[in-house]
Trainee: 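This is the structure I have questions about; it appears just below.
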Amino acid sequence: MMRWRRIFTRGVSGTIALARCAAAPRTGFRVLMYHAVGSAAADDALGIYSMAPDLFAQQVAALADYDSASIVGLEQGLTATEPLRVAVTFDDGYRDNLYRAAPVLQKHGIPFTVFVCTGFMRQGSGNYLTPGELKELAALPGVTIGSHGATHTPLTGLDERALHDELATSKAYLEDVTGRAVTGLSYPHGAVDRRVRDAAAAAGYTIGAGSRFGSNGPSRDPLLLCRTDVLGIDSVRVFKQKLHGDWDWYRWRGADPAAS
Ligand SMILES: [Zn+2]
């Protein structure tokens with residue numbers, strides 16, 4: 001239901017975005033959110049969480065040409081002094097991130113973060129990274145691995161113990177496989193509130209990426225980062241509109257946890 005609403009809203013919002021001629025925002029940290037590139041994403045009947053490889057390559061080329069902003073790693077984006085920054089992230093841990101997305105991003109020297117759900121990995125489905133592939137991905141220049149939980153359960157519905165398990169076991173497993181510290185987290189389903197945010201901080205995370213749409217100002221809590229959802233149906237034109245901020249009113253995920 002939610003997805004149909006998104007698709008419907010898309011038609012209306014595309015028109016509004018075109019009608020607007022606002023100047024590009026001069027400051028802010030925009031974190032792009034991708035999922036699969038070239039393979040089927042889970043629970044994705046409409047195909048919006050998987051992007052065709054050629055469209056992905058065109059979007060990355062447009063990003064590389066985007067002179068208004070610095071393209072930075074996620075962590076760097078929080079401390080960099082350039083007024084306008086953009087970072088690239090992926091959720092879930094699809095193996096196509098290694099084989100399809102990484103070569104394109106590496107060609108343009110664009111750093112990126114992959115948030116891996118360790119349960120998906122351990123399930124051994126063909127679409128998700130294996131431990132060997134994860135290690136290979138983590139070793140590429142400019143690549144950072146983060147956690148996307150252990151079971152992809154919305155963390156807001158869990159009791160204290162289960163919440164801690166999700167945060168701690170996924171982190172430990174990813175650190176074990178990659179041999180690197182894991183300090184970034186993407187909240188499964190974007191589900192985060194004050195309690196989940198504080199539990200993530202207590203478990204050792206310093207960056208938390210949500211699904212609330214938009215750019216991040218200098219006062220934004222690094223554990224409650226907004227992201228810009230890039231969908232498989234986004235043409236290069238829509239992608240540029242999103243980079244430019246024309247879609248930042250598009251906040252269909254409800255209340256902002258930073259406000260509570
Ligand atoms: Zn996910």
Side-chain angles (χ1 to χ4, degrees), residues 6 9-10 12-35 48-49 51 56 59-91 105 108 110-115 144 146 184-187 189-193 197 200 205-231 233-260:
R6 283 183 214 166
T9 313
R10 172 162 301 267
V12 178
S13 57
T15 309
I16 293 170
L18 279 178
R20 286 188 51 195
C21 296
R26 290 191 199 142
T27 61
F29 180 30
R30 184 175 303 284
V31 182
L32 303 175
M33 171 172 56
Y34 287 93
H35 289 80
I48 54 177
Y49 292 114
M51 183 170 293
F56 180 75
Q59 290 193 358
V60 171
L63 178 62
D65 282 347
Y66 186 55
D67 293 335
S68 310
S70 324
I71 316 303
V72 294
L74 189 53
E75 200 158 344
Q76 193 195 347
L78 294 169
T79 54
T81 51
E82 292 92 342
L84 203 59
R85 286 106 50 215
V86 179
V88 175
T89 69
F90 295 84
D91 272 11
L105 290 158
H108 292 281
I110 295 176
F112 61 99
T113 296
V114 178
F115 294 109
T144 304
L185 170 72
S186 157
Y187 303 101
H189 304 274
V192 57
D193 54 19
R197 180 250 175 245
Y205 294 99
T206 55
I207 295 178
S211 298
R212 186 174 163 78
F213 198 97
S215 183
N216 300 284
S219 61
R220 190 75 194 175
D221 182 345
L223 279 156
L224 292 173
L225 291 177
C226 296
R227 283 192 289 178
T228 298
D229 200 351
V230 188
L231 305 180
I233 52 172
D234 287 348
S235 64
V236 173
R237 189 183 69 178
V238 168
F239 176 69
K240 286 180 177 172
Q241 289 171 348
K242 287 185 170 180
L243 272 183
H244 186 269
D246 287 349
W247 289 66
D248 285 353
W249 60 274
Y250 188 62
R251 299 182 169 218
W252 31 258
R253 294 265 182 174
D256 182 358
S260 59

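As the structure is a computational prediction, the values presented were derived from the model and not from experiment.
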Trainee: Can you tell me how far CZ of Arg212 sits from CG of Asp229, rounded to the nearest 0.5 angstrom?
Mentor: 13.5 Å
Trainee: Calculate, to the nearest 0.5 Å, the distance between atoms CG and OG1 belonging to Leu84 and Thr27 respectively.
Mentor: 7.0 Å
Trainee: Report yes if some heavy atom in the side chain of Phe56 is under 4.5 Å from a heavy atom in the side chain of Val230; otherwise report no.
Mentor: no
Trainee: Is the shortest heavy-atom distance from the side chain of Asp234 to the side chain of Trp247 under 4.5 Å?
Mentor: no
Trainee: Is any side-chain heavy atom of Tyr49 closer than 4.5 Å to a side-chain heavy atom of Leu231?
Mentor: yes
Trainee: Under 4.5 Å between any side-chain heavy atoms of Tyr34 and Thr89, yes or no?
Mentor: no
Trainee: Return the set of residues passing side chain to side chain contact (heavy atoms under 4.5 Å, CB included) with Leu63 (not counting sequence neighbours), or none when no residue passes.
Mentor: Leu32, Ile71, Val86, Val88, Ile110, Phe239, Leu243
Trainee: Look at the side chain of Arg227 and the backbone N and O of Gly210, then say whether any donor-acceptor pair between them is shorter than 3.5 Å.
Mentor: yes
Trainee: Heavy-atom distance under 4.5 Å between the side chains of Met33 and Ser186, does that happen here?
Mentor: no
Trainee: Holding to side chain to side chain contact (heavy atoms under 4.5 Å, CB included), I want the full list of residues that pass it with Gln76, two or more places apart in sequence or in another chain.
Mentor: Val72
Trainee: Sequence neighbours excluded, which residues qualify as side chain to side chain contact (heavy atoms under 4.5 Å, CB included) partners of Ala61?
Mentor: His108
Trainee: Output the distance between atom CZ (Arg197) and atom OH (Tyr205), rounded to the nearest 0.5 Å.
Mentor: 14.5 Å
Trainee: OH of Tyr66 to NE2 of His244: how many Å apart, nearest 0.5 Å?
Mentor: 6.5 Å
Trainee: Taking ring pair (Phe, Tyr, Trp, His ring centres under 6.0 Å) as the test, write out the residues that go with Phe29, two or more places apart.
Mentor: none
Trainee: Side-chain contact test, heavy atoms from C-beta onward, threshold under 4.5 Å: evaluate it for Val60 versus Phe112 and give yes or no.
Mentor: no
Trainee: Between Gly73 and Pro111, which heavy-atom pair has the shortest distance, and what is it?
Mentor: N-CG, 3.4 Å
Trainee: Mind checking what makes salt bridge (charged side-chain N to carboxylate O under 4.0 Å, His left out) contact with Arg85, not counting sequence neighbours?
Mentor: none
Trainee: Which residues satisfy the side chain to side chain donor-acceptor pair (under 3.5 Å) test with Ser70, sequence neighbours excluded?
Mentor: none
Trainee: Would you please name every residue forming a side chain to side chain donor-acceptor pair (under 3.5 Å) with Tyr187, sequence neighbours left out?
Mentor: none
Trainee: Any donor and acceptor pair, going by atom type alone, linking the side chain of Arg220 with main-chain N or O of Leu224 inside 3.5 Å?
Mentor: yes
Trainee: Any side-chain heavy atom of Leu78 within less than 4.5 Å of one from Leu225?
Mentor: yes
Trainee: Partners of Thr144 by side chain to side chain contact (heavy atoms under 4.5 Å, CB included), sequence neighbours excluded?
Mentor: Thr113
